[in-house]
Undergrad: 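Quick one: the structure is below, questions incoming.
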Amino acid sequence: MSTEYPSVDRKPRTVYMDCPGIFTADRAARERSKSRLCVTTHAACITMKGRGRQLWMLMCVICVVLCFSAYSNSVVWRTMGANRFSPNEELSVAGARKLLEEEEWGTEKPHPPGTDKRLPQSIIFGVRKCGTRAMLEFLGLHPQIRPADHEVHYFDDDVNYNMGIDWYKSQMPYSFHDQVTIEKSPRYFIAEKVPERISNMNSSIKLIVLLRNPTVRVISDYTQVYYNKKAKGKAHDKLENLAIDLSTGEVNTRYKAVRISIYHQHFERWLKVFRPDQFHIVDGDNLIVRPWEEIAQVEEFLGLPHKITREHFYFNSTRGFYCMKLGHEKCLGATKGRRHPFTDPVAVEKLRAFFKPHNQMLFQLINRTFDWK
Ligand SMILES: Nc1ncnc2c1ncn2[C@@H]1O[C@H](COP(=O)(O)OS(=O)(=O)O)[C@@H](OP(=O)(O)O)[C@H]1O
């Protein structure tokens, strides 16, 4: 074997002798053809000898490692993005669990040293369609608040609940010891067993509930189902046919959206388990028009310094809602703030009249009034 590197204009034969591992297979054929191609490969062949070859192999290894790491990172960040910013905020319990199972299969989020998963010190327990997602996302602007990135449905879903408190904790985000972990599952508000179960976990927990004009909430609730059915090509009844009993002309209390809006009936159960000072009620209607005011009250309730200000928001006239300034601008997903379908004004008036006495009972219960027309 030649120890001298041939110059590029020497015959290809020397080249093949120097690089047997690379060119052995077709050496004979190339020898016969004396192709100019051999001369071109010659220079590359020389650089692959000795140190050069080791360097080349090292570069290959680095390439493979970099490619693998880029791929796995993209999987991790995609999973994080899907969890945090999914436009489908109404993840089913099964869907949420599947996402998390995927996370367990090797896409565990990277987390800074010194952080840990902790049980929530505060829970947003309702009410559905009153702005719970907006509240959670806005609270996430606070450096000392760590919101869970999906609705956990631990206390209202027996399958989840039976998985135990360690499973619940595993659903929480990583946080530093001085941060408040918070989750929101609006269905907690109406599920019978939930107050007792939460109390068993932490009897002094801080509880946040958002309330909104109950008639508008019914329409918003209907809107969600309306668009879901429309997307699936399913038939959807008009709200007035669901909310008003056609045989009596009265409000139909069998319609779930109506039952959820009878706030005092649900709240009574909560007040049997927790002290009144453990609750903070957010005005969901004001959250839409002046979010910073409602957030400031929550910061105070959680015993945190006031960090989220008017400057964190800008009004997005296309969406008709406030969005967040995060370096970039971020609005809530497309399922929030959708146009409500037209509802017969007579039905709307019936709903308003129906809720009036129920609202009064709520005001007495919570010692606070709202201007719900
Ligand atoms: N900033 C901002 N952007 C978009 N939407 C906002 C915002 N603030 C409050 N809202 C109101 O939030 C309503 C949805 O409430 P929830 O997040 O509780 O809904 S859900 O129960 O989680 O499905 C949603 O109800 P709809 O308008 O009926 O879609 C909004 O009115």
Side-chain angles (χ1 to χ4, degrees), residues 83-93 95-96 123-141 147-153 156 182-191 194 207-231 239 243 256-257 259-261 263 266 281-298 308 310-326 329-343 348 351 370 372:
N83 283 352
R84 189 161 159 71
F85 300 131
S86 166
N88 181 9
E89 312 290 352
E90 286 293 290
L91 272 179
S92 66
V93 175
I123 294 177
I124 299 173
F125 66 97
V127 177
R128 176 181 151 92
K129 307 315 294 178
C130 289
T132 55
R133 172 57 58 186
M135 174 53 74
L136 195 75
E137 294 279 332
F138 296 164
L139 288 178
L141 294 167
D149 52 18
H150 60 285
E151 291 180 8
V152 183
H153 291 284
D156 61 323
I182 186 164
E183 74 124 330
K184 77 116 180 166
S185 296
R187 202 174 164 273
Y188 289 166
F189 182 65
I190 57 161
V194 171
L207 297 160
I208 297 170
V209 65
L210 290 91
L211 301 176
R212 185 182 184 187
N213 181 324
T215 303
V216 181
R217 203 215 66 80
V218 170
I219 297 169
S220 174
D221 205 323
Y222 169 80
T223 303
Q224 164 120 347
V225 179
Y226 167 87
Y227 280 110
N228 285 350
K229 287 196 171 173
K230 204 172 165 191
L239 172 59
K256 195 173 174 188
R259 287 207 312 274
I260 295 174
S261 277
Y263 300 138
H266 307 285
I281 299 169
V282 175
D283 180 342
D285 297 305
N286 193 44
L287 181 73
I288 294 174
V289 290
R290 278 180 294 274
W292 51 91
E293 287 183 3
E294 295 301 320
I295 299 292
Q297 291 176 35
V298 174
I308 305 168
R310 167 79 182 82
E311 307 314 310
H312 284 94
F313 300 94
Y314 75 97
F315 187 75
N316 184 313
S317 48
T318 316
R319 295 294 303 271
F321 285 91
Y322 277 94
C323 300
M324 293 171 279
K325 291 185 204 162
L326 295 161
E329 295 173 351
K330 184 181 177 298
C331 298
L332 263 57
T335 60
K336 304 299 177 192
R338 286 181 291 204
R339 203 168 57 82
H340 292 171
F342 174 79
T343 309
V348 174
L351 282 167
F370 289 94
W372 292 332

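Counting starts at 1 for both ligands and their atoms, following the listed order. Throughout, residue positions are numbered sequentially from 1 according to the sequence presented.
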Undergrad: To which of R338, H340, K336 does the heavy atom nearest atom 20 (S) of ligand 1 belong?
TA: K336
Undergrad: Any nitrogen or oxygen of R128, main chain or side chain, under 3.5 Å from a nitrogen or oxygen of ligand 1?
TA: no
Undergrad: Give the atom numbers and elements of ligand 1 that come within less than 4.0 Å of a heavy atom of S220.
TA: 25 (O), 26 (P), 28 (O)
Undergrad: If you measure every N/O of G131 against every N/O of ligand 1, is any gap under 3.5 Å?
TA: yes
Undergrad: Going by distance alone, is a donor N or O of one side chain under 3.5 Å from an acceptor N or O of the other, for E151 and Y188?
TA: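 Distance-only check fails for E151 and Y188.
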Undergrad: With a 4.0 Å cut-off on heavy atoms, does M135 reach ligand 1?
TA: no
Undergrad: Can you check which of Y222, F321, Y227, F315 brings a heavy atom nearest to atom 6 (C) of ligand 1?
TA: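 Of the listed residues, F321 has the closest heavy atom.
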Undergrad: Check whether any N or O atom of R212, backbone or side chain, sits under 3.5 Å from an N or O atom of ligand 1, and answer yes or no.
TA: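 Yes - when backbone and side-chain N and O of R212 are compared with those of ligand 1, one distance drops under 3.5 Å.
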Undergrad: Please report the shortest heavy-atom distance between F138 and I295, naming the atom on each side.
TA: CB-CD1, 3.4 Å
Undergrad: Counting heavy atoms only, which of R133, K184, E294 comes nearest to atom 22 (O) of ligand 1?
TA: K184
Undergrad: So do M135 and K184 actually touch side chain to side chain, heavy atoms under 4.5 Å?
TA: no
Undergrad: Consider only side-chain N and O atoms of R338 and T223, and report whether a donor and an acceptor are under 3.5 Å apart.
TA: no
Undergrad: Looking at Y322 and F313, what are the two nearest heavy atoms and their distance?
TA: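 So the minimum-distance heavy-atom pair works out to CD2-CB, 3.9 Å.
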Undergrad: Please assess V127 against R212 for the test side chain to side chain contact (heavy atoms under 4.5 Å, CB included), listing each intermediate value before the final yes or no.
TA: CA-CA 8 Å; V127 177; R212 185 182 184 187; over 6 Å; no
Undergrad: Any chance you could lay out the side chain to side chain contact (heavy atoms under 4.5 Å, CB included) test for I190 and K256, step after step, and finish with the verdict?
TA: CA-CA 10 Å; I190 57 161; K256 195 173 174 188; 4.0 Å; yes
Undergrad: Just to check, does T223 reach to within less than 4.0 Å of ligand 1 when the distance is taken from its heavy atoms?
TA: no
Undergrad: With heavy atoms of A134 as the reference, note each atom of ligand 1 found under 4.0 Å away.
TA: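 Selected atoms, number and element: 7 (C), 8 (N), 9 (C).
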Undergrad: Pull out every atom of ligand 1 sitting under 4.0 Å from any heavy atom of E151, numbered as shown with elements.
TA: 22 (O)
Undergrad: Heavy-atom pairs closer than 4.0 Å: do any link ligand 1 to the side chain of P291, the backbone, both, or neither?
TA: neither
Undergrad: If we ignore hydrogens and angles and just use 3.5 Å, is the side chain of S185 paired with the main-chain N or O of V152 as donor and acceptor?
TA: yes
Undergrad: Start with the C-alpha gap between V289 and F321, add the side-chain angles, then the distance that decides, and say whether side chain to side chain contact (heavy atoms under 4.5 Å, CB included) holds.
TA: CA-CA 8 Å; V289 290; F321 285 91; over 6 Å; no
Undergrad: Is any N or O atom of G337, backbone or side chain, closer than 3.5 Å to an N or O atom of ligand 1?
TA: yes
Undergrad: Ligand 1 versus F138, non-hydrogen atoms closer than 4.0 Å: side chain, backbone, both, neither?
TA: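 The answer is the side chain.
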Undergrad: Where is the tightest heavy-atom contact between Y263 and C130, given as atom of each residue plus distance?
TA: OH-SG, 3.9 Å
Undergrad: Quick one: which ligand 1 atoms are inside 4.0 Å of a heavy atom on C130?
TA: 15 (O), 18 (O)
